[in-house]
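Notes follow the structure.
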Protein chains: 2
Amino acid sequence: MFDQHRNKFPLDDDTWNDYISCFHVMQVPAKTVLLKEGEVSKKMFLIEKGCLRAWFNSNGKDITFQFFFENETVASVESFRKKIPSLVTIQSVEPSLVWWIHKRDVDRIIGSLKTFPALQDLFIDAVFERMFEYMKHFFSFIKDTPLQRYLNLLKEKPQLVQRIPQRYIASYLGITTVHLSRIKSKLARNK
Amino acid sequence: MFDQHRNKFPLDDDTWNDYISCFHVMQVPAKTVLLKEGEVSKKMFLIEKGCLRAWFNSNGKDITFQFFFENETVASVESFRKKIPSLVTIQSVEPSLVWWIHKRDVDRIIGSLKTFPALQDLFIDAVFERMFEYMKHFFSFIKDTPLQRYLNLLKEKPQLVQRIPQRYIASYLGITTVHLSRIKSKLARNK
DNA sequence: GCTGTTTAATAACAAATGTTATTGTTACCG
DNA sequence: CGGTAACAATAACATTTGTTATTAAACAGC
């Protein structure tokens with residue numbers, strides 16, 4: 001599982017082995033909550049098989065904010081970093097095989113590498129990348145119609161549309177399931 | 001101008017003086033473009049007096065994404081960091097007194113401090129903070145009605161509503177000027 | 001395989017928001 | 001100053017999207 005990530009991290013083998021030995025594996029059924037909105041995140045996850053989603057409660061409704069698939073690391077980044085209550089719940093969509101690591105282990109290892117510029121750069125790049133993703137997602141909410149956003153999703157992440165239930169996709173696109181259904185039938189008619 | 005920021009940076013005096021000596025001052029009239037959408041950002045700005053906004057073109061319409069006021073640093077972060085074309089235009093709203101620094105000077109000074117963990121942490125914190133702001137802004141677009149977003153803005157940044165023209169506020173809230181006008185008149189009626 | 005539950009499609013209607021046009025007001029520039 | 005352009009408010013109308021209810025299909029647990 002971890003071998004395929006080995007070359008991404010400029011660590012010596014001892015540190016790398018220390019790092020991966022901190023991971024625990026778990027098999028969770030669908031709809032398992034891994035982190036609850038309002039709790040402080042103490043774990044980071046890595047998905048071997050399955051998928052997760054981050055969602056938040058909006059006036060009683062469940063709004064999906066992000067999806068995660070195989071080989072992605074998952075954390076409520078703002079909560080993990082700033083030790084504040086998470087804005088989102090993290091939950092499995094499919095039955096999933098997930099590795100997790102304690103924040104204290106991450107902190108310990110990062111702490112021992114404070115003066116390792118290459119790793120810091122990598123980390124900063126990752127944060128920027130995520131920020132950039134958020135920006136683009138936000139921009140698309142303003143620039144595009146729900147139809148355009150759905151077409152984008154079909155184009156950019158076709159497997160997502162296959163694997164994820166409709167209602168999560170609808171809330172991810174910022175619309176109701178009824179409206180998504182209308183969009184789909186409109187597309188089907190014009191085909 | 002720079003003295004009030006001195007204590008924020010854990011730099012020795014020489015480095016600090018090197019840093020601030022790289023800044024140039026300029027006085028710009030309202031509506032001056034400091035960075036154009038599509039260009040790669042090569043400057044970072046610090047506002048002494050006045051205000052700027054970041055906006056992007058959406059099907060011919062001008063959508064404001066962010067406002068900046070006195071003592072804030074301004075850059076198209078993703079463009080500045082990743083050397084990619086900026087997603088936004090940065091433009092003055094009021095006549096403004098602005099300091100600016102070349103990216104190459106920022107890079108040089110940061111480069112010479114690669115192994116300075118305290119500064120790296122500060123930088124990472126700042127990036128996280130901005131990412132967090134984007135998240136919250138995004139969440140509010142989904143959770144709140146335009147009326148609620150306007151009330152939030154009135155509460156959180158009353159001075160912004162005073163200083164910024166209506167149409168920029170409307171696009172920042174994700175609505176048309178007509179709709180913002182309706183919201184205002186509804187609020188006035190209910191008072 | 002049956003049965004209850006969850007999910008998706010659809011229709012009818014309601015609400016929110018956008019569009020265009022008009023008008024009065026304000027701000028800028030010669 | 002005076003004239004022109006930019007801006008904000010408002011109204012009438014159009015469009016988009018949400019809400020609720022109904023039904024059929026898919027799925028989950030026995």
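The sequence lines fix the lettering, A, B, ..., with proteins before strands; numbering per chain opens at 1.
Put simply, the side chain of A:K143 does not reach to within 4.5 Å of the side chain of A:Q148, judged on heavy atoms. By the 4.5 Å heavy-atom criterion applied to side chains, B:P10 and B:L122 are counted as neighbours. You'll find the side chain of B:L34 stays beyond 4.5 Å of the side chain of B:K43, heavy atoms only.
Note on A:S185: every side-chain N or O is 4.0 Å or more away from OP1 and OP2 of C:dA9. For A:T176, a side-chain nitrogen or oxygen approaches OP1 or OP2 of D:dG18 to under 4.0 Å. A sub-4.0 Å separation between OP1 or OP2 of D:dA6 and a side-chain N or O of B:Q166 is absent. The side chain of A:K31 places no N or O atom within less than 4.0 Å of a non-bridging phosphate oxygen (OP1 or OP2) of C:dT6. In this structure, A:K184 reaches the C:dA9 phosphate: one of its side-chain N or O atoms is under 4.0 Å from OP1 or OP2. Here B:K186 does not reach the OP1 or OP2 of D:dT10: none of its side-chain N or O atoms lies under 4.0 Å away. OP1 or OP2 of C:dA16 has not a single side-chain nitrogen or oxygen of B:T145 nearer than 4.0 Å.
Across the protein-nucleic acid pair, A:L147 atom CG and D:dT16 atom P stand 11 Å apart, rounded to whole Å. In this structure, CD1 of A:I183 is placed 11 Å from P of D:dT16, rounded to the nearest angstrom. Distance B:N59 CG to C:dG18 P: 14 Å, rounded to the nearest Å. The CZ atom of B:R182 sits 14 Å away from the P atom of D:dA14 (whole-angstrom rounding). A:Y168 has its OH atom 6 Å from the P atom of C:dT7, to the nearest Å. Distance NZ (B:K61) to P (C:dT20): 8 Å, rounded to an integer number of Å. Put simply, NZ on A:K143 is 20 Å from C1' on C:dG18, counting in whole angstrom units. In this structure, the CG atom of A:L173 is 17 Å from the P atom of D:dT16, given to the nearest Å.
Residue A:T177 is classed as having no contact, given no heavy-atom separation below 4.0 Å to the nucleic acid. When heavy atoms are screened at a 4.0 angstrom cut-off, B:L180 is found touching no nucleic acid atom at all.
For the pair A:R53 and A:F68, the cation-pi test (distance below 6.0 Å, angle within 45°) is failed. Relative to the six-membered ring of A:F80, A:K42 misses at least one condition, a distance below 6.0 Å or an angle of at most 45° to the axis.
Between D:dA12, C:dA9, D:dG18, one nucleotide has an atom nearer to the side chain of A:H179 than all others, and that is D:dG18. Considering only the side chain of B:P146, C:dT17 comes nearest among C:dT17, D:dA8, D:dG18.
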